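Letters A, B, ... mirror the listed sequences (proteins, then strands); counts begin at 1. Note that the structure is a prediction, hence the values are computed from the model and not measured.
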Amino acid sequence: AQSVTQLDSHVSVSEGTPVLLRCNYSSSYSPSLFWYVQHPNKGLQLLLKYTSAATLVKGINGFEAEFKKSETSFHLTKPSAHMSDAAEYFCVVFEGGGADGLTFGKGTHLIIQP
Amino acid sequence: DAGVTQSPTHLIKTRGQQVTLRCSPKSGHDTVSWYQQALGQGPQFIFQYYEEEERQRGNFPDRFSGHQFPNYSSELNVNALLLGDSALYLCASSRTGHTEAFFGQGTRLTVV
């Protein structure tokens with residue numbers, strides 16, 4: 001069975017400083033992993049995806065994530081936060097093989113301080 | 001490309017009523033999935049439709065049913081509404097064989 005744990009429910013950083021959103025996963029297979037962002041009253045937008053190619057994945061808006069199988073982690077980072085990054089971020093796992101769709105973490109609320 | 005579109009954007013229903021939500025997938029996509037997102041939670045998988053059949057189902061009761069039409073659009077039906085069904089309902093579309101899913105903006109359902 002697949003599952004996702006987002007280690008922080010809220011993260012607050014100052015504008016221009018680095019962002020780190022932490023995610024651990026559990027999967028019986030080699031999973032695909034994703035990060036989605038949700039701005040208030042908006043749908044979900046795909047930031048990046050890992051599908052067993054390069055372990056360092058680059059996404060949109062300067063975000064990137066590193067797949068570490070030994071640590072079962074897929075942390076999301078950005079070198080310099082912007083006010084527009086304030087949103088809810090979801091780590092998502094999909095292991096295929098008849099698994100029940102995408103499994104989402106509970107989300108991390110990113111707050112950007114001016 | 002209009003992306004994934006959902007209707008209506010908001011609606012209010014009374015306990016015990018029935019509701020139908022609609023979704024048009026992104027152009028070129030043939031698979032539609034539905035998710036329920038309760039306030040402050042991550043989305044939870046309800047079911048997935050492909051070739052007009054339910055292919056996978058999450059842990060939701062039979063009150064939740066769906067349909068996919070020949071043009072790949074889809075409906076989610078919920079019968080005998082409960083207060084706990086109040087949530088944002090998200091539709092996602094994808095192409096068979098591809099894991100990447102695109103989401104609509106959702107339908108906010110409030111049950112009173």
Side-chain angles (χ1 to χ4, degrees), chain A residues 1-10 21 23-25 27 29-53 57 59-60 67 74 76 87-110, chain B residues 2-10 21 23-26 29 31-50 54-60 64 66 74 76 87-110:
Chain A
Q2 57 191 23
S3 67
V4 173
T5 301
Q6 292 184 242
L7 299 169
D8 306 291
S9 60
H10 293 78
L21 304 184
C23 171
N24 288 124
Y25 71 91
S27 174
Y29 302 92
S30 296
S32 296
L33 294 161
F34 309 84
W35 276 97
Y36 281 85
V37 62
Q38 187 175 38
H39 288 93
N41 300 313
K42 300 281 189 181
L44 292 155
Q45 181 184 22
L46 179 66
L47 278 178
L48 50 80
K49 63 179 179 180
Y50 166 78
T51 54
S52 74
V57 181
I60 62 171
F67 173 71
F74 190 58
L76 180 70
E88 193 80 16
Y89 291 78
F90 293 97
C91 182
V92 181
V93 64
F94 177 72
E95 64 183 19
D100 295 334
L102 301 174
T103 295
F104 284 74
K106 292 188 175 182
T108 297
H109 187 60
L110 178 61
Chain B
V4 181
T5 58
Q6 293 186 242
S7 64
T9 54
H10 296 81
L21 311 182
C23 172
S24 293
K26 185 177 169 66
H29 287 187
T31 301
V32 173
S33 302
W34 287 91
Y35 291 81
Q36 180 195 66
Q37 186 178 18
L39 201 62
Q41 300 293 318
Q44 288 199 307
F45 175 71
I46 303 174
F47 43 52
Q48 182 182 84
Y49 277 84
Y50 170 69
E54 184 181 293
R55 184 161 66 174
Q56 294 175 343
R57 189 180 183 92
N59 188 26
F60 279 80
F64 289 77
S74 177
L76 164 66
L88 181 67
Y89 288 85
L90 294 162
C91 170
S93 74
S94 58
R95 275 191 293 170
T96 301
H98 293 76
T99 56
E100 186 171 333
F102 291 80
F103 284 80
Q105 295 211 0
T107 295
R108 173 74 63 187
L109 171 65
T110 302

Participant: With sequence neighbours excluded, tell me which residues meet ring-ring contact (aromatic ring centres under 6.0 Å, His included) with B:His10.
Facilitator: none

Participant: Show your reasoning for whether side-chain contact (heavy atoms from CB on, under 4.5 Å) applies to B:Phe103 and A:Leu46.
Facilitator: CA-CA 9 Å; B:Phe103 284 80; A:Leu46 179 66; over 6 Å; no

Participant: Given a strict heavy-atom distance threshold of 4.5 Å, which part of A:Lys49 is in contact with chain B: side chain, backbone, both, or neither?
Facilitator: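 Answer is side chain: those atoms of A:Lys49 sit under 4.5 Å from chain B.
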
Participant: More than 12 heavy atoms of other residues, nucleotides or ligands under 6.0 Å from CD of B:Gln36: yes or no?
Facilitator: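 More than 12 within 6.0 Å, yes.
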
Participant: Please determine whether the number of non-hydrogen atoms from other residues, nucleotides or ligands lying under 6.0 Å from atom CD1 of A:Ile60 exceeds 12.
Facilitator: yes

Participant: Quick one: does A:Phe90's side chain get under 4.5 Å of B:Pro43's, heavy atoms only?
Facilitator: yes

Participant: For the backbone of A:Gly101 and the side chain of B:Tyr35, can you confirm whether one donor and one acceptor N or O come within less than 3.5 Å of each other?
Facilitator: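 No: the side chain of B:Tyr35 does not pair with the backbone of A:Gly101.
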
Participant: In terms of heavy-atom proximity below 4.5 Å to chain A, should B:Ile46 be classed as side chain, backbone, both, or neither?
Facilitator: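 For B:Ile46, no heavy atom lies under 4.5 Å from chain A.
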
Participant: Where does B:Gln48 contact chain A at under 4.5 Å (heavy atoms): side chain, backbone, both or neither?
Facilitator: neither

Participant: Examine B:Phe45 together with A:Phe104 and report whether their ring centres are nearer than 6.0 Å.
Facilitator: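 Ring centres of A:Phe104 and B:Phe45 not closer than 6.0 Å.
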
Participant: Taking only residues two or more places apart in sequence or in another chain, which ones pass side chain to side chain donor-acceptor pair (under 3.5 Å) with B:Gln37?
Facilitator: A:Gln38

Participant: If you tally heavy-atom pairs under 4.5 Å against chain A, which of B:Ala92, B:Cys91, B:Gly106, B:Ala101 wins?
Facilitator: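 Going by pairs under 4.5 Å, I would pick B:Ala101.
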
Participant: Nearest 0.5 Å please: distance from the CG atom of B:Leu88 over to the CG atom of A:Leu44.
Facilitator: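 Spacing of CG (B:Leu88) from CG (A:Leu44) equals 8.0 Å.
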
